[in-house]
Amino acid sequence: MTTKRRLTLALSALGLCMTLLPVAASAQTKIKMVLNWKYEGAQSWFFLAQDKGYFKEEGLEVEIDQGAGSAASIPKVASGAYQAGFGDLNALIDLAAKRPADAPVAVYMMYNTPPFTVVVKQDSPIKTPKDLEGKTIGGPANDAALKLFPAFAKLAKIDASKVTITNMAPNLREQMLSRGQIDAAFGYVTTVTFSAKAMGLDPAKDLRFIRYGDYGMDLYANAIFFSKNFIAENPKAVQGFVKALNRAIKEVAANPDAGVDYAMKREPLLKREVEKEKLLATIRNDMSHPEIARIGLGDVDDERLKKAIAIVVEANQLPRTPAPEEVFNRSFLPARADRPSKL
């Protein structure tokens, strides 16, 4: 082979490599995601999808960070610090009403049953929502139940001006309630239940829950959402993320023990049996609304969502009413046959 021929082949090979390099570099789309809370068993599907390579199979490189509350993840995605988040749809509705250009869009509904509650001690004189007047309710500043209290107060006919609200670190909520430092506490039923158990309380005997859902607030709760910019620029990545997550949810629901393994890898100091119980309670209490038999997990009922938006807008006197499609986009969902009808 002549020197000229060798040089031609070498340049051709170099050109081929240069052509392929950008493809390889763009093969894995990076997604930074923020969770609703600290690592726990009820997030097992996210960790399984990451560790078993389900995200990678969809061409995604996903980084998952701990959160600071279900309402706190929305502004983090809106600011551009994260492309994706897991958090409260009602906080998303609030932002969509105030700053529509910045608000993320939900693409997969996970907590389809309202978990919001005000919890009191079993022997408390507070028996009904009206009894909260003149009392002090505590909760972390980013707690979704606290954020929704104006809406709950309006529906339950509570004079919110007669209620004192105080904030504390999340790990102090149940302690302050138990010690009588607050009269009641905001929270999610499952979260409060397991925090109370960790203190040695028996939630069934020691606590009572005033659930928002029992007073007309049939709201959706936590969903997967993405920033508008990321959706516009990376629709296939959003679709791939949802596909991988849906696959992981089905796997964890079928084998919770295996699912908890992945949560324990994230935080070995967790108590395995507690995290498994928390995962099962989340599936049972937060993700099993009867509507999933009809529309499948991940989707929403349009009329129910429209009513939920109206409740949040009216109760919080928001400047505009977002259209359902501003809040939730179902176009990235896997086919109905691929999504769970029962958990």
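The structure displayed is predicted, hence computed values, not measured ones.
Between Asp131 and Lys135, no side-chain nitrogen of the basic residue sits less than 4.0 Å from a carboxylate oxygen of the acidic one, so the salt-bridge criterion is not met. Between Glu275 and Lys278 there is a salt bridge, with a side-chain nitrogen of the basic residue lying less than 4.0 Å from a carboxylate oxygen of the acidic one. Between Arg272 and Asp261 there is a salt bridge, since a side-chain N of the basic residue sits under 4.0 Å from a carboxylate O of the acidic one.
Looking at heavy atoms from C-beta onward, Met168 lies in side-chain contact with Arg173 at the 4.5 angstrom threshold. Between Ile210 and Ile126 the shortest side-chain heavy-atom distance falls below 4.5 Å. Contact annotation: the side chain of Glu57 approaches that of Arg247 to within less than 4.5 Å [non-hydrogen atoms, C-beta and beyond]. Inter-residue side-chain proximity for Phe328 and Tyr220 is flagged as unmet; no heavy-atom pair is nearer than 4.5 Å. Taking 4.5 Å as the limit, every side-chain heavy atom of Leu270 sits out of range of all side-chain heavy atoms of Val260. Counting only heavy atoms from C-beta outward, the side chains of Gln43 and Arg266 never approach each other to under 4.5 Å. The side-chain heavy atoms of Met217 and Pro114, taken from C-beta on, include no pair separated by under 4.5 Å. Counting heavy atoms from C-beta outward, Thr193 and Thr190 have side chains that stay 4.5 Å or more apart.
The shortest heavy-atom contact between Leu95 and Ala78 is CD2-CB, 3.7 Å. Nearest heavy atom pair, residue Val34 against residue Ser73, reads CG1-CB, 3.8 Å. Contact between Ala71 and Asp88 at its shortest, heavy atoms only, is N-CB, 4.4 Å. Closest non-hydrogen pair, Pro322 versus Val313, comes out as CD-CG2, 3.8 Å. Annotation for Pro203 and Ala196: closest pair CG-CB, 4.2 Å, computed over non-hydrogen atoms. Between Ala263 and Gly41 the shortest heavy-atom distance is CB-CA, 3.9 Å.
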ring-ring contact (aromatic ring centres under 6.0 Å, His included) between Phe86 and Phe46, worked out = CA-CA 10 Å; Phe86 178 52; Phe46 298 112; 5.4 Å; yes
Could you go step by step and tell me if Asp218 and Lys307 meet the salt bridge (charged side-chain N to carboxylate O under 4.0 Å, His left out) rule?
-> CA-CA 9 Å; Asp218 188 24; Lys307 289 177 183 176; over 6 Å; no
Residue pair Asp301, Arg294: steps toward the salt bridge (charged side-chain N to carboxylate O under 4.0 Å, His left out) verdict | CA-CA 9 Å; Asp301 178 276; Arg294 175 171 51 86; 3.0 Å; yes
Check the pair Ser341, Arg336 against side chain to side chain contact (heavy atoms under 4.5 Å, CB included), reporting the backbone distance first and the verdict last.
-> CA-CA 9 Å; Ser341 297; Arg336 173 66 186 86; 2.7 Å; yes
Does the side chain to side chain contact (heavy atoms under 4.5 Å, CB included) test come out yes or no for Thr282 and Tyr111, once each step is laid out?
-> CA-CA 8 Å; Thr282 297; Tyr111 291 3; 3.4 Å; yes
From CA spacing to verdict: side chain to side chain contact (heavy atoms under 4.5 Å, CB included), Phe226, Asn329 | CA-CA 10 Å; Phe226 282 82; Asn329 184 342; over 6 Å; no
Can you list the steps and then say if Gln122 with Lys205 is a side chain to side chain contact (heavy atoms under 4.5 Å, CB included)?
-> CA-CA 7 Å; Gln122 186 65 247; Lys205 294 180 180 178; 5.8 Å; no
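Looking at Glu133, its side chain does come within 3.5 Å of a backbone N or O of Asp159 through a donor-acceptor pair. Under a 3.5 Å cut-off, the side chain of Asn234 and the backbone N or O of Ala237 do not form any donor-acceptor pair. Looking at Arg330, its side chain does come within 3.5 Å of a backbone N or O of Val300 through a donor-acceptor pair. Listed for the Asn246 side chain is no donor-acceptor partner under 3.5 Å among the backbone atoms of Val242.
Other residues, nucleotides and ligands place more than 12 heavy atoms under 6.0 Å from the CD atom of Gln66. In Lys127, the NZ atom is crowded: over 12 heavy atoms of neighbouring residues, nucleotides or ligands sit closer than 6.0 Å. Residue-environment remark: NZ (Lys265) exceeds the threshold of 12 foreign heavy atoms within 6.0 Å.
The one candidate from Val77, Val62, Asp65 that meets the side-chain contact (heavy atoms from CB on, under 4.5 Å) condition with Lys32 is Asp65. A salt bridge (charged side-chain N to carboxylate O under 4.0 Å, His left out) with Glu326 is found for exactly one of Arg320, Lys306, Lys228, namely Arg320. Checking each of Val118, Thr117, Val119 against Arg211 for a side-chain contact (heavy atoms from CB on, under 4.5 Å) leaves exactly one that passes, namely Thr117. No option in Asn222, Ile295, Asp286, Ile292 other than Ile292 meets the side-chain contact (heavy atoms from CB on, under 4.5 Å) test with Asn112. The one candidate from Glu251, Lys250, Met110 that meets the side-chain contact (heavy atoms from CB on, under 4.5 Å) condition with Trp45 is Met110.
To the nearest 0.5 angstrom, Arg339 atom CZ is 14.5 Å from Lys243 atom NZ. Between atom CD of residue Glu58 and atom CZ of residue Phe241 there is a gap of 11.0 Å, rounded to the nearest 0.5 Å. Annotation: the span from Ile64 atom CD1 to Ile31 atom CD1 amounts to 10.0 Å, rounded to 0.5 Å. One finds the CG atom of Leu60 at 12.0 Å from the NZ atom of Lys56 (value rounded to the nearest 0.5 Å). Once rounded to the nearest 0.5 Å, the distance linking CD of Gln83 with CG of Asn229 reads 10.0 Å. To the nearest 0.5 angstrom, Ile249 atom CD1 is 10.5 Å from Leu48 atom CG.
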Ignoring hydrogens and angles, write down the donor-acceptor pairs under 3.5 Å from the side chains of residues 177-187, residues two or more places apart or on other chains.
residue : atom : partner : partner atom : Å
Arg179  : NH2  : Gln175  : OE1          : 3.3
Asp183  : OD2  : Thr136  : N            : 2.8

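Tracing side-chain contacts under 4.5 Å through hydrophobic residues (I, L, V, M, F, W, Y), one reaches Tyr108 starting from Ile309; they form part of the same cluster. If you chain together hydrophobic residues whose side chains sit under 4.5 Å apart, Leu245 and Tyr39 fall into the same group. Phe149 and Val192 are not part of a single hydrophobic cluster, where members link through side-chain heavy atoms under 4.5 Å apart. Clustering ILVMFWY residues whenever any of their side-chain heavy atoms sit less than 4.5 angstrom apart, transitively, puts Leu148 in the very cluster that holds Leu318. The same ILVMFWY cluster, assembled from side-chain heavy atoms under 4.5 Å apart, contains both Ile158 and Val312.
Between Phe116 and Tyr188, the distance from one ring center to the other falls under 6.0 angstrom.
Ring geometry for Phe152 against Tyr215 counts as perpendicular: the plane angle is over 60°, on a 0 to 90° scale with 30° as the lower cut.
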